Amino acid sequence: MNIRVGKKEDMKAVLALIQELAHFEKEPDAVKVTEEDLIRDGFGNQPLFHVFVAEIELEIVGIALYYYRYSTWKGKIIHLEDLVVKKERRGKGIGYALYSEIIKQGQRDNVRRIDWHVLDWNTPAIDFYKKTGAKVFNEWQLAQMDEAGIASFIKTD
């Protein structure tokens with residue numbers, strides 16, 4: 001297995017893994033991003049995200065997609081958006097290797113925190129994260145406003 005920085009040419013495989021994750025998370029129709037979006041947004045003058053890929057015999061079998069955020073309490077942090085391994089390749093240490101690479105990236109960048117979300121029903125992931133020393137908070141609620149919410153707010157503001 002090889003963990004490396006993702007390239008433009010990898011975005012088709014990255015998108016396939018994002019779609020696989022959406023199916024796993026019971027949101028199969030939620031992915032609107034395209035391969036072209038990923039190329040534009042990840043490889044321009046100011047990339048909006050970075051990605052590590054795991055490959056075995058030149059096949060991309062996992063990804064860890066992340067970006068930088070700023071905490072008013074901590075300063076520069078990494079947000080791990082997606083960590084996904086192909087279903088048939090799970091349980092072989094690929095996810096751990098990608099997770100480890102994200103943590104090493106955080107140390108290289110001197111970030112003060114790495115954040116990510118995990119669904120409350122994904123107990124294997126929660127148990128894994130806790131075992132590695134991560135804190136999983138139950139008291140914080142995720143808030144989002146989708147496109148319809150944005151449009152409705154603007155219309156009524």
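Nothing here was measured: the structure is a model prediction, and the numbers come from that model. In what follows, residues are counted from 1 in the order of the sequence shown.
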Return all side-chain donor-acceptor pairs below 3.5 angstrom for residues 118-134, not counting sequence neighbours, or 'none' if the list is empty.
from	atom 1	to	atom 2	distance (Å)
N122	OD1	A125	N	3.4
T132	OG1	Y99	OH	2.6
T132	OG1	Y129	O	2.8

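Taking CZ of R112 as the start and CG of D109 as the end, the distance is 13.0 Å to the nearest 0.5 Å.
Salt-bridge annotation for K32 and D146: absent, with no side-chain N of the basic residue lying under 4.0 Å from a carboxylate O of the acidic one. Comment: E81 does not engage R69 in a salt bridge, judged by the lack of any side-chain N to carboxylate O separation of less than 4.0 angstrom. A salt bridge does not link K7 with E55: none of the charged nitrogens is closer than 4.0 Å to a carboxylate oxygen.
Scanning all heavy atoms of the two residues, the minimum distance from P47 to G42 falls at CB-O, 3.4 Å. Listed here is the closest heavy atom pair of V31 and A22: CG2-CB, 3.6 Å. Closest non-hydrogen pair, L98 versus G62, comes out as CD1-C, 3.6 Å. A pairwise comparison of heavy atoms in M1 and A97 identifies CE-CB, 3.7 Å as the closest pair. Considering all non-hydrogen atoms of both residues, Y66 and L80 come closest at CB-CA, 4.1 Å. Closest heavy-atom contact between G6 and V53: CA-CG1, 4.1 Å.
In this structure, E35 and I39 have side chains that are in contact, with non-hydrogen atoms separated by less than 4.5 Å. I94 has its side chain within reach of I56: a pair of non-hydrogen atoms, C-beta onward, lies under 4.5 Å apart. Counting heavy atoms from C-beta outward, R113 and S71 have side chains that approach closer than 4.5 Å. For the pair Y68/I78, a side-chain contact is recorded, criterion being any heavy-atom separation below 4.5 Å from C-beta on. At least one side-chain heavy atom of I18 sits less than 4.5 Å from a side-chain heavy atom of I63.
A 6.0 Å sphere centred on CD of E139 holds more than 12 heavy atoms belonging to other residues, nucleotides or ligands. Remark: E59 CD is packed, more than 12 non-hydrogen atoms of other residues, nucleotides or ligands lying under 6.0 Å away. Around OH of Y96, the count of heavy atoms belonging to other residues, nucleotides or ligands within 6.0 Å does not exceed 12. Other residues, nucleotides and ligands place no more than 12 heavy atoms under 6.0 Å from the CD atom of E57. For K76, the NZ atom sits in a packed shell: over 12 heavy atoms of surrounding residues, nucleotides or ligands are nearer than 6.0 Å. Atom CD of E88 has more than 12 heavy atoms from other residues, nucleotides or ligands within 6.0 Å.
Cluster membership for V61 and L83, using ILVMFWY side-chain heavy atoms within less than 4.5 angstrom, is shared. No path of Ile, Leu, Val, Met, Phe, Trp and Tyr side chains, each step under 4.5 Å between heavy atoms, connects L38 with L48, placing them in separate hydrophobic clusters. L17 is connected to L65 through a chain of hydrophobic side-chain contacts under 4.5 Å among Ile, Leu, Val, Met, Phe, Trp and Tyr, so both are in one cluster. If you chain together hydrophobic residues whose side chains sit under 4.5 Å apart, V84 and W116 never meet in one group. Residue I60 is not grouped with residue I3 when hydrophobic side chains (ILVMFWY) are merged at heavy-atom distances under 4.5 angstrom, including chains of intermediate members.
Between H79 and Y67, the two ring planes are tilted [angle within 30° to 60°].
Between the side chain of T156 and the backbone N or O of S152, at least one donor-acceptor pair lies under 3.5 Å.
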I would like to know whether R90 and E20 meet salt bridge (charged side-chain N to carboxylate O under 4.0 Å, His left out); could you show each step before the answer?
CA-CA 13 Å; R90 293 183 191 148; E20 183 172 332; 3.5 Å; yes
Would you please test R4 and E101 for salt bridge (charged side-chain N to carboxylate O under 4.0 Å, His left out) and show each step?
CA-CA 9 Å; R4 63 170 174 80; E101 196 61 39; over 6 Å; no
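By the side chain to side chain donor-acceptor pair (under 3.5 Å) test, D37 is found to be paired with T34, R40, residues two or more places apart in sequence or in another chain being considered.
Cation-pi geometry between K87 and F24 is not met: the NZ or CZ atom fails to fall both under 6.0 Å from the ring centre and inside 45° of the normal.
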